[in-house]
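Please read the structure below before turning to the comments.
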Amino acid sequence: MCAPTRHIHAPLHGVNGGSPDRRGRAGATVPDEWYPPPGPREDASRAVPTVVDDTDRRSAPERGRGSDVNSHRLPRTVVPSRYDIRLEPDLDTATYTGEEAVQVEVRDEVNEVQLNAVELSFTRVEAEGPDGTRLEGAASLDPATDRVHLRFPRALHPGEWTLRLGFCGTLNDQLHGFYRSSFKDAEGRTHVMAATQFEAVDARRAFPCWDEPALKAVFGVTLVVPDGYTAISNSAPIREEPAGPARRAVTFGDTIRMSTYLVAFIVGELESTEPVMVGKTPLRVWCVQGKRHLAAYARTAGAFCLDFFEHYYGIPYPGDKLDLLAIPDFAAGAMENFGAITFRETALLVDEGAASHGELERIADVVAHEIAHMWFGDLVTMAWWNGIWLNEAFATFMEMLAVDAWKPEWQRWVSFGVSRAAAMGVDGLHASRPIEYDVRAPRDCEAMFDLLTYEKGASVLRMLEQHIGPDTFREGVRLYLRWHEYENAETTDLWKALGEASGQPIPEVMDGWVFHPGYPLVGVRAEGSRLHLTQRRFTYLGDPAPGSADEPVQLWRVPVTVRASIAGQPVERKLLLAAAEDDLALPGPPEWVVANAGGHGFYRVAYEPALLDRLASNLGALAPIERFGLVSDTFAQAQAGDLSAEGFLDLTARFRDETDRNVWAVVVGALAYVNRAIDDDARESLEAFVRDRARPAALRLGWDPRPGENELTRQLRGDLLRALGVLGDDPEIQAEARERYARYRADEHAVEPNVLPAVIATLARAGGEAEYAEFLERFRHARSPQEEQRYLYALTGFRQAELLNQTLQRTLDGEIRSQDAPFVVRAVLVSVWGRALAWEFIKGHWETMRRIFPPSGFRRMFDGISALVRPEWEAEVRAFFPAHGIELGGKILDQYLEQLRVGVRFREREAARIAAYLGRVVREMPTR
Ligand SMILES: [Zn+2]
């Protein structure tokens with residue numbers, strides 16, 4: 001799946017941001033009031049998975065063997081090869097009836113067949129043997145194991161059998177399984193549709209099945225739908241026939257052999273773009289009626305990506321069509337159902353002329369990510385859920401590659417630095433986890449849909465790709481796909497293929513990154529013409545990790561790339577740093593050194609003070625991603641207490657001329673983090689400080705685009721204006737924003753699309769009731785998903801308690817969709833104006849939230865608790881979760897609590913010093 005937002009969220013260091021899907025919180029991170037809010041990008045996740053034991057240090061092959069004998073896996077005595085499924089949903093009563101015939105191989109004589117089913121009622125159970133024998137059976141559901149036991153009066157002897165099952169179920173409102181989604185048309189009439197979300201383990205809610213990724217089968221699907229409704233599944237329709245009054249049965253062609261979690265059914269009043277042919281494959285974008293004009297951009301992006309991946313993988317697309325569908329209610333960012341990819345509307349539909357760069361990039365990202373999965377994930381699938389990380393990490397990596405190929409001017413690998421930094425924020429916690437860990441109960445894998453899987457996973461794949469070379473890497477991927485197509489594979493199978501292509505021992509390099517938590521801090525010291533390099537694990541709270549005193553020192557094989565200036569000439573050197581320390585010889589004493597040249601390495605760098613100073617004096621010699629790394633690493637060390645916050649704030653003075661938006665993202669994200677740490681009476685000084693840093697760059701760009709200017713510059717303009725108008729409380733920017741918005745009301749082309757979000761956020765920050773009423777109306781009547789999100793999150797950006805309380809209330813009364821509600825609460829939680837209110841609101845309404853928000857939303861919502869950086873709040877937060885029995889799966893809650901600890905400690909250590917420093921600096925600033 002795809003998680004929701006990367007960029008939109010933020011970056012840094014826990015400095016905020018947020019997106020669904022793509023994720024944004026990080027070490028100590030919290031989304032911020034600066035970056036546009038999240039849109040979801042993440043995928044699936046449940047609120048209450050079992051806790052995972054991820055301390056398993058066995059090698060991967062050992063783990064694989066261990067998990068074969070696992071009570072969470074169905075017996076292999078009976079396995080399916082083909083399902084013929086006929087479903088008839090009734091949208092009015094929110095129920096459906098189903099029939100299925102499953103061809104199975106009975107391997108051992110059995111009286112009972114076990115498969116997965118949840119919340120289904122059985123109306124028929126019959127088995128037909130190879131000799132025509134028919135046996136009637138009975139079904140009994142076991143909710144504890146998600147299984148149904150089909151018991152027969154006599155044994156089924158080995159051979160090919162057909163099971164005929166009748167069942168009925170409910171179209172739920174929980175956004176998983178087979179569920180109901182509703183939307184209003186332009187006239188305000190409500191329409192209902194049905195869609196599916198099965199990953200990881202919810203296909204069993206829709207139809208009885210062997211719901212494990214390794215039990216692949218062919219699916220023949222028939223959907224019976226009312227006239228006027230469209231039915232979509234994984235393959236193209238091959239037949240339609242009448243099926244009762246005003247209904248018809250649509251039968252789809254056989255799918256490839258694939259896993260149950262990739263099956264999809266969508267029924268609704270839909271419309272689509274014209275198909276675009278990519279090779280032999282027709283690609284369409286689908287949406288609810290009335291939104292087709294928002295589908296052209298995704299169609300173009302999708303066509304490019306489909307073609308790109310066919311060439312990259314060297315295998316034609318394995319399906320007979322590819323549909324991209326926008327679903328009005330959708331928990332994840334998107335889902336890679338084979339041939340029928342579903343998306344949240346914000347991740348697929350857009351008014352291209354009115355969208356910002358970030359909004360367009362997000363759609364390109366998500367579309368690329370999901371199409372990448374058609375091969376990596378769908379054609380070749382992980383054998384068990386512990387492999388989910390590779391599925392997602394690889395799709396994220398491929399998404400960057402494809403978008404970078406489509407729009408090289410976007411410099412997608414540079415902005416990926418923001419995502420990498422977000423993953424480092426989490427992975428710098430003691431409560432981090434290895435990318436891959438043992439998954440016993442399948443629900444344990446739900447905790448894998450996080451930054452460590454997507455962003456750290458993609459980062460280490462990028463590091464490996466750069467280490468062995470892109471062509472070799474692609475060759476290895478092609479081998480892997482060819483060896484395992486239509487089957488399942490493990491992580492070690494990919495290493496084997498990459499090893500074959502590269503002639504290198506891949507596991508030796510990769511195991512430290514994949515099977516251990518954390519990453520190294522590489523220390524750099526110059527001694528004449530030698531560089532002395534060291535490595536140790538970086539953590540925000542310092543070593544040793546609690547309870548891990550007996551752990552051996554963790555060392556990584558770190559592919560270090562160094563660029564140095566020697567006698568005015570650049571020199572590049574590579575070194576695989578495998579020991580705790582090592583020396584690197586240079587041709588002469590360096591003037592400056594950058595120790596993560598190109599920024600591909602998943603490590604932080606700690607320069608000795610003299611080297612740091614010389615590097616900061618030569619920023620012009622650094623690539624944007626290297627400047628990004630310098631700021632990100634330096635602030636992380638300030639968060640950890642290794643450097644002073646004052647030193648970091650001083651460093652930001654060197655970035656007044658910065659032209660890269662990602663570097664600005666990390667600078668502003670860090671200042672937003674500081675804003676949450678300081679006392680209220682220091683805020684004015686911080687605002688003046690923000691103005692001092694960001695104004696020169698903003699004034700240089702002005703408010704209006706210039707001819708020939710690129711998209712990134714336009715987005716940077718919007719980012720800087722927003723930073724000034726919101727975090728800098730800049731009265732001139734706010735006055736101009738007011739004027740520009742008035743012009744926009746008269747003529748909506750009067751404000752450039754990248755500037756408009758900044759104008760709206762600024763007016764929320766500076767405005768009151770009138771602006772609130774205006775934005776609420778615009779939210780209610782939004783004409784595109786992006787416009788809706790923009791005004792929705794503007795409602796979280798006000799300062800007045802009364803207005804913020806209204807916004808919070810709207811998350812419970814149904815006005816804000818449940819798919820968005822947890823994100824909205826989080827956005828208030830990370831605002832310095834709203835956090836106390838939001839926390840009170842959560843405490844007061846938790847039981848209601850638990851009932852009406854989608855279970856997957858809580859992980860997102862509680863991500864915001866790390867903004868509650870006062871000791872009294874921290875104590876309340878720590879008591880709240882056990883008191884209400886709330887678990888978020890895996891180590892997620894531990895991570896949030898540790899991020900909160902990092903923030904409280906930072907505040908205790910630095911807040912007074914920062915206030916004194918800011919007071920001094922601001923007094924010395926020239927008055928304008
Ligand atoms: Zn994915």
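Remember, predicted model here, so these are calculated numbers, not experimental data. Throughout, residue positions are numbered sequentially from 1 according to the sequence presented.
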[Y] side chain reached by [X] side chain, heavy atoms, under 4.5 Å:
X    : Y    : result
I914 : F906 : yes
E658 : V667 : no
F416 : S459 : yes
Y519 : Q554 : no
R462 : M400 : no
R878 : R901 : yes
V674 : E910 : no
V562 : L575 : no

Testing H532, Q535, R536 for side-chain hydrogen bond (donor to acceptor under 3.5 Å, both in side chains) with E581, which one passes?
H532
Under 3.5 Å, side chain of [X] to main-chain N/O of [Y], donor-acceptor pair present?
X    : Y    : value
R835 : A867 : yes
D660 : N662 : yes
R859 : L888 : no
S415 : R412 : yes
H884 : F880 : yes
K456 : A393 : no
R909 : Q639 : yes
T453 : M448 : yes
R627 : G629 : no
D582 : A578 : no

Can you tell me how far [atom2] of [Y] sits from [atom1] of [X], rounded to the nearest 0.5 angstrom?
X    : Y    : atom1 : atom2 : value
E646 : Y917 : CD    : OH    : 7.0 Å
D633 : F628 : CG    : CZ    : 9.0 Å
I842 : M861 : CD1   : CE    : 4.5 Å
I892 : L897 : CD1   : CG    : 12.0 Å
F635 : L651 : CZ    : CG    : 11.5 Å
F655 : L619 : CZ    : CG    : 4.5 Å

Give the intermediate values and the outcome of side chain to side chain contact (heavy atoms under 4.5 Å, CB included) for residues L452 and S432.
CA-CA 8 Å; L452 295 172; S432 187; 3.6 Å; yes
Parallel, tilted or perpendicular, judged at 30° and 60°: which one describes the rings of [X] and [Y]?
X    : Y    : result
F538 : Y540 : perpendicular
W556 : W513 : tilted
F394 : F397 : tilted

Taking it one step at a time, do Y603 and L521 satisfy side chain to side chain contact (heavy atoms under 4.5 Å, CB included)?
CA-CA 6 Å; Y603 57 88; L521 178 70; over 6 Å; no
For [X] and [Y], work out which heavy atoms get closest and say how close.
X    : Y    : result
N618 : R614 : ND2-O, 2.8 Å
E392 : F449 : OE2-CE2, 3.9 Å
G599 : I625 : CA-CG1, 4.0 Å
I678 : A911 : CA-CB, 4.3 Å
D894 : A431 : CB-CB, 3.7 Å
L390 : T491 : CD2-CA, 3.8 Å

Just wondering, are more than 12 heavy atoms of other shown residues or ligands nearer than 6.0 Å to CD in E608?
yes
In terms of heavy-atom contacts, does NZ of K843 have more than 12 from other residues, nucleotides or ligands at under 6.0 Å?
yes
Could you walk me through whether S617 and R654 pass the side chain to side chain donor-acceptor pair (under 3.5 Å) check?
CA-CA 8 Å; S617 306; R654 316 253 195 178; 3.2 Å; yes
Quick test of your reading of the model: are [X] and [Y] salt-bridged, counting only N-O distances below 4.0 Å?
X    : Y    : answer
D650 : R920 : no
R683 : D729 : no
R537 : D427 : no
D692 : R656 : yes

Using ring centroids (six-membered ring only for Trp), state whether F862 and W846 fall under 6.0 Å.
yes
Report the C-alpha separation of V594 and Y607 in whole Å, then their side-chain angles, then the decisive distance to 0.1 Å, and conclude whether the side chain to side chain contact (heavy atoms under 4.5 Å, CB included) test is met.
CA-CA 9 Å; V594 53; Y607 297 98; 3.8 Å; yes
Distance only, no hydrogens: is a donor on one side chain within 3.5 Å (strictly under) of an acceptor on the other, for E436 and W389?
yes
Criterion side chain to side chain contact (heavy atoms under 4.5 Å, CB included) on L464 and V460, from CA distance to verdict:
CA-CA 6 Å; L464 179 61; V460 301; over 6 Å; no
Can you spot which of L541, V426, T539 makes a side chain to side chain contact (heavy atoms under 4.5 Å, CB included) with E898?
L541
